[in-house]
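Every chain is numbered from 1 and lettered A, B, ... according to where its sequence line falls, protein lines coming before strand lines. None of the values given here were measured: they were computed from a predicted structure.
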Protein chains: 2
Amino acid sequence: MEEKVRYLSRIYQHPDLGIEDIQKLAAVHEKVSFKKGDFILQKGEILNEYYILEKGLFRSFVHDYQGNDITIDFFSENDILIEVSSLFQRIPTQENIEALTDSVAYKIDFTDFQELFHKLGGFSEWGRSWMSSSLFSFKNRSTLMRVESARERYERLLKEKPTVGKMAPLKHIASYLGITDSTLSRIRKVR
Amino acid sequence: MEEKVRYLSRIYQHPDLGIEDIQKLAAVHEKVSFKKGDFILQKGEILNEYYILEKGLFRSFVHDYQGNDITIDFFSENDILIEVSSLFQRIPTQENIEALTDSVAYKIDFTDFQELFHKLGGFSEWGRSWMSSSLFSFKNRSTLMRVESARERYERLLKEKPTVGKMAPLKHIASYLGITDSTLSRIRKVR
DNA sequence: TTCATTTCTTGCCCTAGGTCAAGTATTTCA
DNA sequence: TGAAATACTTGACCTAGGGCAAGAAATGAA
């Protein structure tokens with residue numbers, strides 16, 4: 001129990017969140033494990049919880065209009081495992097979220113979240129700030145897609161999420177980067 | 001005054017926001033006008049307000065590591081004119097935001113925003129929901145960058161923001177789409 | 001273990017879009 | 001209203017990365 005609080009206080013960092021707040025949060029987080037291949041969300045469902053990923057690797061993906069599997073995002077250790085628009089706007093998602101390795105996470109239900117979001121001022125501040133940095137990184141990604149070459153994007157990914165380079169199958173990485181498997185294979189060959 | 005309330009109630013739509021809430025919001029929104037070429041934000045500054053754009057067209061842009069001007073986003077009528085991470089995380093921005101036409105907007109200061117955000121439950125819900133749809137559209141954009149051809153992206157933009165096609169200079173549209181001016185010019189030539 | 005499936009590599013050829021540079025057209029503002 | 005600046009077009013050529021297909025390697029299920 002102590003360990004849960006210690007871990008969550010590393011995730012929920014905000015000047016307005018005191019130790020008692022973290023304890024209230026910890027009380028509604030439940031430890032869960034996943035096997036490689038498990039799904040936490042599938043197209044058409046409404047997400048009812050989110051997870052803090054303590055150990056392991058997930059990816060989210062969609063199918064484009066030609067049926068191709070496109071990786072949207074990778075989630076690695078200490079990331080928040082979530083599909084924001086489905087959870088917060090209560091609408092069916094386009095995305096699927098799948099475990100690429102066995103994993104451990106802390107789960108919190110939407111109703112518990114909602115209650116504390118309105119009760120703890122620091123928590124809603126934390127949430128807004130998490131969302132805004134998440135918005136920033138998607139904005140950034142779409143800029144970098146326009147500006148960097150395939151190799152540059154690959155090298156950036158390796159630097160930012162080293163686990164992905166080691167654990168994710170090449171085809172998922174390729175679709176995440178917006179290139180084909182063959183091209184990624186060739187990029188990898190040369191250093 | 002009545003007109004301001006009427007207009008803002010079209011923007012701030014949420015089940016938990018009643019007419020009295022909108023009136024409180026309207027009280028802290030101030031009508032402002034801009035001339036073509038005005039900036040509301042420049043690299044290095046911290047944004048202290050946001051705007052609801054009633055009339056006109058803006059764009060945000062950055063310079064990449066080679067000094068090229070890259071358009072990040074266009075803002076047209078009824079859009080929220082904002083740079084989220086600077087405003088909410090109180091950090092200096094990377095972006096510039098510039099009026100492409102004479103414009104009219106409603107301005108709200110961060111301190112007023114902050115007060116009502118914590119006072120009106122419906123307003124923080126509205127904010128979260130606005131952010132999550134904004135997150136969704138950036139996520140979407142970075143997917144479409146990977147999946148669609150240059151011409152498809154251009155045609156989507158025309159459909160989604162028709163004013164942009166008419167008012168924005170070709171080079172800004174091109175950098176928004178991630179292509180060169182020459183290519184966009186050629187795309188336009190053929191229908 | 002072995003057979004099947006999935007993952008990755010590689011060769012050959014092709015194309016969307018880039019680069020550069022020289023126009024032409026349109027704005028802008030003195 | 002006319003000169004300078006900016007916006008747009010177009011041609012000639014080039015290149016990053018795609019498409020396809022065949023094979024090698026790794027994984028996995030029985």
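Close placement of the A/His29 and A/Tyr12 rings is indicated, their centers lying within 6.0 Å of each other.
At whole-Å resolution of the value, CD in B/Gln66 and P in C/dT19 are 9 Å apart. For the pair A/Met145 CE and D/dA16 C1', the interatomic distance rounds to 14 Å; values are reported in whole Å. Following rounding to the nearest Å, B/Asp69 (CG) and D/dA7 (C1') show an atom-to-atom distance of 14 Å. Rounded to whole Å, the distance from CG on B/Leu170 to C1' on C/dA25 is 13 Å. As rounded to whole Å, 12 Å separates atom P of C/dT7 from atom CD1 of A/Ile173. Distance, A/His172 NE2 to C/dT6 C1': 11 Å, rounded to whole Å. Atom CZ of B/Arg188 is separated from atom C1' of D/dA7 by 11 Å (rounded to the nearest Å). A straight line from NZ of B/Lys171 to C1' of C/dT26 spans 14 Å, rounded to a whole angstrom.
End-to-end axis angle of the helix from C/dT1-D/dA30 to C/dA30-D/dT1, from C1' rotation axes over five pairs per end: 60° (rounded to 10 degrees).
Aromatic ring orientation, B/Phe88 versus B/Phe110: tilted (interplanar angle from 30° to 60°).
Using a 4.5 Å heavy-atom cutoff, the side chains of A/Ile52 and A/Ile80 are in contact.
Remark: B/Glu54 does not engage B/Arg10 in a salt bridge, criterion side-chain N to carboxylate O under 4.0 Å. With respect to the salt-bridge test (charged N to carboxylate O, under 4.0 angstrom), the residues A/Arg156 and A/Glu152 do not qualify. With respect to the salt-bridge test (charged N to carboxylate O, under 4.0 angstrom), the residues A/Asp102 and A/Lys36 do not qualify. In summary, B/Glu95 and A/Lys139 engage in a salt bridge, as defined by a charged side-chain N under 4.0 Å from a carboxylate O.
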Grab the N/O contacts between the protein and nucleotides 17-21 of chain D below 3.5 Å, and write none if there aren't any.
{"residue": "D/dG17", "atom": "OP1", "partner": "A/Ala150", "partner atom": "N", "Å": "2.8"}
{"residue": "D/dG18", "atom": "OP2", "partner": "A/Thr180", "partner atom": "N", "Å": "3.2"}
{"residue": "D/dG18", "atom": "OP2", "partner": "A/Thr180", "partner atom": "OG1", "Å": "3.1"}
{"residue": "D/dG18", "atom": "OP2", "partner": "A/Thr183", "partner atom": "OG1", "Å": "2.5"}
{"residue": "D/dG19", "atom": "O6", "partner": "A/Arg186", "partner atom": "NH2", "Å": "3.1"}

Scan nucleotides 22-30 of chain D nucleotide by nucleotide, 5' to 3', and note B when protein non-hydrogen atoms come under 4.0 Å of the base, S if they reach only the sugar-phosphate, - if neither. ------S--
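The distance from atom CG of B/Leu120 to atom CH2 of B/Trp126, rounded to the nearest 0.5 Å, is 12.5 Å.
The side chain to side chain contact (heavy atoms under 4.5 Å, CB included) test with B/Tyr51 singles out one residue from B/Leu81, B/Val104, B/Ile108, and that residue is B/Leu81.
When atom types are taken as modelled, the side chain of B/Ser103 and the backbone of B/Thr101 share a donor-acceptor pair closer than 3.5 angstrom.
Distances shown here put a side-chain N or O of B/Lys189 below 4.0 Å from the OP1 or OP2 atom of D/dT10.
Contact record, B/Phe61 with B/Asp69: CD1-OD2, 3.6 Å, taken as the closest heavy-atom pair.
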